[in-house]
Amino acid sequence: MLPKAYAPKAVEDRIYALWENSGAFRADVKSTKKPFTIAMPPPNATGQLHLGHAVMLALEDIFIRFNRMRGKEALWIPGTDHAAIATESVVIKEIQKKEKIPDPRAKLGREKLVQRIAEFVEKSRGVIRSQVRKMGASCDWTRERYTMDPMLNRCVNEVFAKMYKDGLIYRAERVVNWDTALQTTISDDEIEYVDQEATLYTIEYVGAKQTGGKPILVSTSRPETKLGDSALAVHPDDERFKHLIGKTFDVVWPRGQTIRVSVIADHLIDPAFGTGVLGLTSFHSKIDYEIWQRHRTEIPSYPLHVIGEDGRITDQIKGYAGMKALEAREAFVEDLKKEGRIAKEEKYVQPLSISYRSKKPVEPLPKLQWFIDVNKRVVSYRGKQMSLREILQHVIRAGEIKIIPSLFEKTYFQWIDHLQDWCISRQIWWGHRVPVYYCSTCKNPDGTPLELISVSTEPYTVHELCGSRVEQDPDTLDTWFSSALWTWSTLADPSLADDFSLSLEEILKRSPDFQKFHPTQVMETGYDILFFWVARMILMTTYAVGDIPFETVYLHGLIRTREGKKMSKSDPETMIDPLDIIPKYGADALRLSMILGQSPGNDSRLYEEKIAGYRNFVNKLWNASRFVLMQCDEAKIDPKTIAKLPDSSALALPDRAILSRLQSIVEKVTKGLEEYRLSEVGDTLYSFVWDDFCDWYLELSKGNANTAVLVHTLRKILQLIHPYCPFVTEELWSHVKPADAGLLIARPWPETKEALRNEESEKQFLSLIGVIQSIRKLRADQGIEPAKKLHVVLSSKKHAKLFEEQREHIERMARVEKLEITGKKVKPANVVSAFLPETEVYLSLEGLIDKAKEIERLKKEKDQAEKFLHAIEAKLQDKQFTGNAPSKVIEMGREKQATTKAKLEKIEKQLKALS
RNA sequence: GGGUGGUUAGCUCAGUUGGUCUAGAGCGACUGGUUUACACCCAGUAGGUCACAGGUUCGACUCCUGUACCACCCACCA
């Protein structure tokens, strides 16, 4: 016998082991079944499983389990990401704190530090693995991958080499986003903007004496950067400054810094902003750098580097060198004030760029970096020459990839429109090292060291042509470069990683998994990494493999706190840790609470009561199964032996009705899951189980259960809910499954049986329910205690026979002692009444009726009915309506009119009788 | 500055191409109930002019326009 309440803790780990040992998670590459593949978004190898992962795992597990049961060869590849910057900074901080080493990079050196990080990651990955299991994720652990695996590393190198050869990867000096805290560049997408109150200073840049007229004023929010200017820019048509264009001035700043600036004209300058003159800070602003590049020949003096990588003023700047940028700003402004050169100070709100990683301000600095060109039209995709940007647009426009919810397509296109070349090199040590080597003697025509590419992981030290030493580029690649290959680098045969005689194309050709399982079917992830990751997978995969990485993108929303705030580590009170929840409520309940009542792309709130609510549902399912088993025991029938349903003519009404209803549910659930409408399907199952199955069917079955139908229906329910609640359903399945059936996870998906559909029975069932409900309601309205037995008269021409057949049910469920059923009109006195379509219900209590209460209730009901009738009649009399509305709608209106009219008449009659 | 989404019962949210919606669910509230599947339960009740203002339509929670408030994303006005 099953225990009274479901205890997930006692079940889940055992069931998971059962699944895993059964081989059910493993996909067979030789199978002839159609593939269904998901590449699991790899959690960062640093951390702990959080709700973001939990919702991802729950959704993907539902997709996978459903498709596995439907007969697809389902493959779900798990893995972890080395998470370059995030991991390196975590480990460095740990070393700083625990070992009191202020600069671990300097102290340990590259090799040792990388070793330390690798050790840390190895530990962390083990934690992640066990946490993924706790959620019930049915992924193929035999194919687990890690972004730093040799094969994945090989893929990174191969793609880099290919792009380099195609001229899509290039090295150039550009103003990039420099994270002064982490000492590395970051990409444009890794920048966040925070509104900040700033001061716009208007500085007297060039005195009136020098111009021979008015002084030149410049507005800036970063005065300190002006210390290294080499030009002033104005709009070419700005009459105020036309006479200055082409002139050169010497500017002496406080503390002795002297610069020579030339006045240039550029269309980008907005004459209306500030003074209309821009101090061109070439090295500390992307736009200034661009303008400088355009006008370099007109600007004789070379701009200065004002701020260094450490965020301090460089020693090129007299008087302020060594100060932090902000300190220098204050000092400089103070000095200018003393000289009377601050003409204006205005407060305004300015978006400040901060690093997504370190949350510290980003310093734009000119640096020699590696970039991916998104505009060069050298990529052949589906037989057409396109740029990477164009392919990104094409695959969505052409419908090769579908995004759910579709409104994110708009965001996606907008992002592409703004897309600039992607800076892929990072100045950190943890990650895939740029596979470029520089020859110490050979030079390019422009004098830069000769670049040599090597995809091999073996040491490459000597240039084979000249015999000189070669040195590898010290930088590593953006994490997203390797994760962009994830859908297919994980499918490449790992045993080929060291065979350098093979090209990437050949490797893929010889990788059975890739041939069978790529492209993948769904990419499911949070909308917050649509640009970081999803778009980049599309970009890199279409380029490298010539095909899409996935057919459908399903984006889930963020899980927020009860108050709608983001959960954050810094505020542990608000955090819900899946690992606390699972032992308490079970993984199934957690899964339901994150999926039901949500829609893709929208954030949702999660809190304990919600989870408890779904725990209750899981428990309900548990107890319904207990009930079924008890019925079977009574009948001395083993549920495991029940194989066939009796002929439908031999079935009672509730049996026919529930079987019929089940068919619609199977159909609805199947279709809904095919279309990724998980929340809706979940709700459907929830109410089918609780309302239809438990509250009505099981209750009606008490005492006269048809065990075959009970067991059949329960089995189907367990199958249908299994993708949502794998643990509890698998456990229950073991008690009710057919004798020859294996695990539920491997069970085929239920199919609809048209022969079991029976609309008439469902309608009759509803009439029966209606009668029981209305008797219960009358009793409650009258305040009659439940123990009190009732005398009820049912009058229904249409249903008299039906009610007679179901007499026992009505008597028991509504607690009726004396039940009269008649097909004739009746005129009982001293009763309370309810009027259903085709049926009148009278409850008599011999003088106990509270007349006033009943009259009041009837009047209220009459009011309502009258209002409704008026509305409907007005509609039906409106020729516009009858002329335009479809006949179905009109017919429905007529029906409603008739039933309401009939009801109203009865209410009136009853009112008269009472008064 | 550009864009997107939201605004439906006290709370959290569903509502599929406009008409079986006289707008639903869960939680909470209230009334009553220990009838051996389940108190992690059962029976029942109350509670909404679907943010606001216009428009389209025979008909709008659903489509269009505008307003307000709340989120979010993007952005090289120094």
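Below, chain A is the first sequence line, B the second, and so on; all start at residue 1. Just the heavy atoms: all of them, side chains too, but no hydrogens, waters or symmetry mates, feed the values below.
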Distances under 3.5 Å only, N/O to N/O: pair up the protein atoms with those of nucleotides 61-65 of chain B.
none

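- Look at K777(A) and you'll find a side-chain N or O under 4.0 angstrom from OP1 or OP2 of rU45(B).
- Between F617(A) and the options Y686(A), F688(A), Y724(A), a ring pair (Phe, Tyr, Trp, His ring centres under 6.0 Å) holds for only Y686(A).
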So which protein N/O to nucleotides 75-78 of chain B N/O distances come out below 3.5 Å?
| unit_1 | atom_1 | unit_2 | atom_2 | d |
| --- | --- | --- | --- | --- |
| rC76(B) | OP2 | Y193(A) | OH | 2.7 |
| rC77(B) | O2 | D270(A) | OD2 | 3.1 |
| rA78(B) | O5' | Y348(A) | OH | 3.3 |
| rA78(B) | N6 | D270(A) | O | 2.9 |
| rA78(B) | N6 | F273(A) | O | 3.2 |
| rA78(B) | N1 | D270(A) | N | 3.4 |

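- Using a 4.0 Å heavy-atom cutoff across all strands shown, S599(A) reaches sugar-phosphate atoms only and no base atom.
- Within the nucleic acid shown, P886(A) comes within 4.0 Å of at least one base atom, counting heavy atoms only.
- Using a 4.0 Å heavy-atom criterion, one finds that R615(A) contacts the bases of the nucleic acid, with or without backbone contacts as well.
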So which protein N/O to nucleotides 20-31 of chain B N/O distances come out below 3.5 Å?
| unit_1 | atom_1 | unit_2 | atom_2 | d |
| --- | --- | --- | --- | --- |
| rU22(B) | OP1 | K896(A) | NZ | 2.7 |

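- Scanning atom types as modelled, no donor and acceptor separated by under 3.5 angstrom connect the side chain of R626(A) and the base of rC38(B).
- Between Y356(A) and F532(A), the gap from one ring centroid to the other is short of 6.0 Å.
- The residue K4(A) sits close only to the backbone: its heavy atoms come under 4.0 Å of sugar-phosphate atoms, none of a base.
- In this structure, K410(A) does not reach the rG3(B) phosphate: none of its side-chain N or O atoms is under 4.0 Å from OP1 or OP2.
- The side chain of R605(A) contributes an N or O atom lying less than 4.0 Å from OP1 or OP2 of rC13(B).
- E895(A) comes within 4.0 angstrom of no nucleic acid atom, judged by non-hydrogen atoms across all strands.
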